Amino acid sequence: MAGLRIHIDRDLCVGFGDCIDVAPDAFALDEEGIAELLSPDAVERDRLLHACAACPVDAITVRGPNGDVLVP
């Protein structure tokens, strides 16, 4: 997604999969059960941000073009 930087903290992620429930085209669990971003352009921006914000342990951080934190 243009202008967004998305980081998944592998130490915080426990694999609940809430991000996948919201945006299954963008996220998946890897072989270790940790969320990974597959294709951020597969979903619209609002849905992608909602999926990132759905993480119950705040393992996903989204920064805007200016470095400002959008999620969590």
Side-chain angles (χ1 to χ4, degrees):
M1 185 72 46
L4 297 181
R5 289 180 295 153
I6 300 170
H7 172 73
I8 300 173
D9 186 324
R10 295 186 58 82
D11 292 327
L12 286 179
C13 180
V14 293
F16 285 131
D18 293 12
C19 57
I20 299 165
D21 290 341
V22 177
D25 294 332
F27 292 92
L29 294 181
D30 67 12
E31 64 280 346
E32 295 176 22
I34 303 298
E36 64 180 341
L37 184 61
L38 298 177
S39 180
D41 293 325
V43 296
E44 62 279 353
R45 178 186 167 102
D46 288 342
R47 189 163 152 214
L48 181 65
L49 291 174
H50 177 68
C52 294
C55 180
V57 296
D58 293 336
I60 305 173
T61 302
V62 182
R63 293 184 181 274
N66 297 325
D68 51 323
V69 176
L70 304 176
V71 174

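The first residue in the sequence is number 1, and the count goes up from there. Given the structure is predicted, the values throughout are model-derived calculations rather than measurements.
A single hydrophobic cluster is seen to contain both Ile20 and Val43, as judged by linkage of ILVMFWY side chains at heavy-atom distances under 4.5 Å, directly or through other members. Linking ILVMFWY side-chain heavy atoms closer than 4.5 Å, directly or via other members, places Ile34 and Phe27 in two distinct hydrophobic clusters. The hydrophobic clustering, which links ILVMFWY residues whose side-chain heavy atoms are closer than 4.5 Å, places Phe16 and Leu29 apart.
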Please test Asp9 against Thr61 for side chain to side chain contact (heavy atoms under 4.5 Å, CB included), starting from the C-alpha separation and ending with a verdict.
CA-CA 8 Å; Asp9 186 324; Thr61 302; over 6 Å; no

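Looking at Ile6 and Leu48, their side chains come closer than 4.5 Å, going by heavy atoms from C-beta outward.
Partner of Ile60 under the side-chain contact (heavy atoms from CB on, under 4.5 Å) criterion, chosen from Pro72, Cys55, Cys13: Cys55.
Distance check, rounded to the nearest 0.5 Å: NE2 of His50 to CD of Glu44 gives 11.0 Å. Between atom CG of residue Leu70 and atom CZ of residue Arg5 there is a gap of 10.0 Å, rounded to the nearest 0.5 Å.
Between Ala26 and Pro40, the shortest heavy-atom contact is CB-CA, 4.5 Å. Considering all non-hydrogen atoms of both residues, Pro24 and Arg47 come closest at CD-NH2, 3.5 Å. Heavy atoms only, all atoms of each residue included: Leu12 and Val57 are closest at O-CG2, 3.4 Å. Closest non-hydrogen pair, Val22 versus Ala54, comes out as CG2-CB, 4.1 Å.
Listed by first and then second residue, the salt bridge (Lys or Arg N to Asp or Glu O under 4.0 Å) pairs involving residues 52-72 amount to none (not counting sequence neighbours).
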